[in-house]
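What follows is a set of notes on a single structure, which appears directly below.
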Amino acid sequence: MAEWQRTHTCGDLREEHIGQTATLNGWVLITRNFGNQVFVDVRDRHGLTQVVFEADNPELFKAANDLGREWVLSVSGKVRRRVPGAERIDIATGKVEIEATSVTVLNPCPPLPFSVTEFPDEKLANEDLRLQYRYLDLRRRSLQQVLILRHRINKVIRDHLDARGFLELETPLLGKSTPEGARDYLVPSRISHGEFFALPQSPQLYKQLLMVAGYDRYFQIARCLRDEDLRADRQPEFTQLDVEMSFIESDDVLALMEGLAADVFAQCLGVTLPIPFSRLRYSEVMAKYGSDKPDLRFGLEIIDVTDIASESEATFLKEAVAEGGVVRAINVKGAAAKYSNTQLKPGGELPKIADANKARGLAWMKAEGDKLTGSIEKFFPDPLKARLRERLGVEPADLLLFVAGSEAVVSEALGALRTHLGSALKLYRNWWDEKAEYDAAEEERAKKEKRRATPFALRPEHFRFLWVTDFPMFGWNDEEKRWAAMHHPFTAPMDEDLPNLDTDPGKVRAKAYDLVLNGYEVGGGSIRIHRQDVQSRVFKLLGMELEDARKRFGFLLDALQSGAPPHGGIALGLDRWCMLLAGTTNIRDVIAFPKNQKARDLMTGAPAPVDARQLKDLGLKPG
RNA sequence: GGGGACGUAGCUCAAUUGGUUAGAGUACCGGACUGUCGAUCCGGUGGUUGCGGGUUCGAGUCCCGUCGUCCUCGCCA
């Protein structure tokens, strides 16, 4: 062992080590210089230890005075008790310190582009700067904790699935483009000019083939790549927990995932999730929440009032109903005073949202005392008003919002309003906001009472899971005038809907399910088609002629008639899980080396031009 | 591709209606100092106000363009 190598990490030393000699390796967090002493806080990912340099060793003392932030050190010395009154209760090593007898500078460090110390009221540097120097940003304690959490989530997943007989199997990155879905990242072949591999959007095809091959319980923590525009919760490359099982039905997959989620939350956050999770059919969730991934931490449900509206004297409502549309409402409890009549006029905050979602206007009423007032009040005679009150559970000060039109438009518009109102009226709180508030107050109390702060306790109600089931199999793509798979083209239709496959595709429901957490889609899967004839019919419906399908996916069709067992599975978006467990809404916070919104890596500069020689080898011409 | 927000010392921010030499905190450098813990105190260095053009006696501030970052719609089974 080299003489500078550590005997302990910076988080190890306790009172029991007093009197021993120790060597620490780490980074200088900060130094505090006095005439006769220098205190140096040495930090690594395990913790923080105070090192004291005394003036009675002039050479050592001089060296200590020269140390700067983020220098890398090896420090040796004797562990000793801190003087009474100088203990720290907020860090694990706070009762001891090291009296330095030697220090080796393993690497000095110039002043850095931004601070990595993370003091409580210190604002973070701009994100693009932090992404450019990601290795420094990752040195920040909170980012280290996120990546440590991510490791623990992965570990719990692997242990959980291993204990249940699953095999972790790897599948290729260089593969073949799958039909539908996102744009592929392509990799040119050097050996076959003009031909390309596609990087996987998911291991979908391979895992089905593994089922055909008899590996009846498979999982993989797999990188997936999709060349689409980015969002706060979307990266071009991301990680899925990919799972597939044979001889099972939907419920088996859901139960497995509930057990897994409970295990992850228990072991990583100490939260006991209530299982089974809520379940709603797609049709229900769209009608009730106007979204296929509703945040169930608040109510504000959509209520149908088509029958009442059709009896009103409002022409635009009656017309909407006559055209086969619906009229639906949400009752924003107690919000009448929060939105002025002016704000509710066209162009106001809420009508703008309705308009942006293709609704033809937003109608409203307010319950002022026991009277209803507002834009459409006059069209509703008293008996109708009474029915409205009952249907919507109206109480004084409520604000009622109405949208009329086709079912899809009404759902979407009211769903968008519901989401907006949920955050605008603070109908729910993110747990990390609650935690920040708690931590500030608790720290204050703990300081006053000279005790260690009690950590914030997460509660099950901070995490509202929901299964959405019974998705439609196909959606009509109006631009391309054809049916498209809602999930993917390998999803099995419900048995009882099979007869409709050729006659009325819009009515066919899929054996598909999505997992939703606090308004985020965090997983999705299905039972797959395991019969070649059904798969061929689906390909055909999607506009792929049998010959074409044979050419592109002959291997799959062959596999399906080579003894394919019934099978199905799911994929969880692990980055989003990490986000929600770590308490952030930015996916870049849970990825060690993320891309920015333009899909660039600001640190390495990728994507970047390549040598003409490389292009030539690949048979490509510069653009 | 559309909409929105932002861009001022290394970093985080300020700068009144368009008006003096663009300030503060922090970092950094120098000095003082026996127990600090984001030490304290004193002094100092540090600016192409993203870039280009325009209006004006005068632009960080107004206008046009451009670049960059983030959020969002489209898109993403």
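Order of the sequence lines sets the chain letters (A, B, ...), proteins ahead of strands, with each chain counted from 1.
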N/O donor-acceptor pair under 3.5 Å between A:R281 side chain and A:D470 backbone: no

Out of B:rG68, B:rU12, B:rA39, whichever nucleotide has its closest atom nearest the side chain of A:D128: B:rG68

Minimum-distance nucleotide to A:Q37 side chain [options: B:rC11, B:rG38, B:rG35]: B:rG35

Which nucleotide in B:rG38, B:rU12, B:rU72 has an atom nearest any side-chain atom of A:Q597: B:rU72

Ring-base stacking, A:F114 with B:rC11 (5.5 Å, 30° cut-offs): no

Aromatic-base stack, A:F34 on B:rA39, cutoff 5.5 Å, angle under 30: yes

Residue A:F39, side-chain atoms from C-beta onward, closest of B:rG35, B:rC76, B:rC37: B:rG35

Selected nucleotide, minimal atom distance to A:E127 side chain, candidates B:rC76, B:rC70, B:rU72: B:rC70

Pair A:R588 + A:E127, salt bridge at N-O below 4.0 Å: yes

Side chain of A:E228 - closest among B:rA39, B:rC73, B:rC76: B:rC76

No-H, no-angle donor-acceptor pair, A:D229 side chain to B:rG74 base, under 3.5 Å: yes

Per A:V83 side chain, nearest of listed nucleotides B:rC75, B:rG35, B:rC11: B:rG35

Parallel, tilted or perpendicular: ring planes of A:F553 versus A:F539, cut at 30 and 60 degrees: parallel

Under-3.5 Å donor-acceptor pair between A:R226 side chain and B:rC76 base: no

A:R88, nearest nucleotide to its side chain (from B:rC37, B:rC11, B:rG68): B:rC37

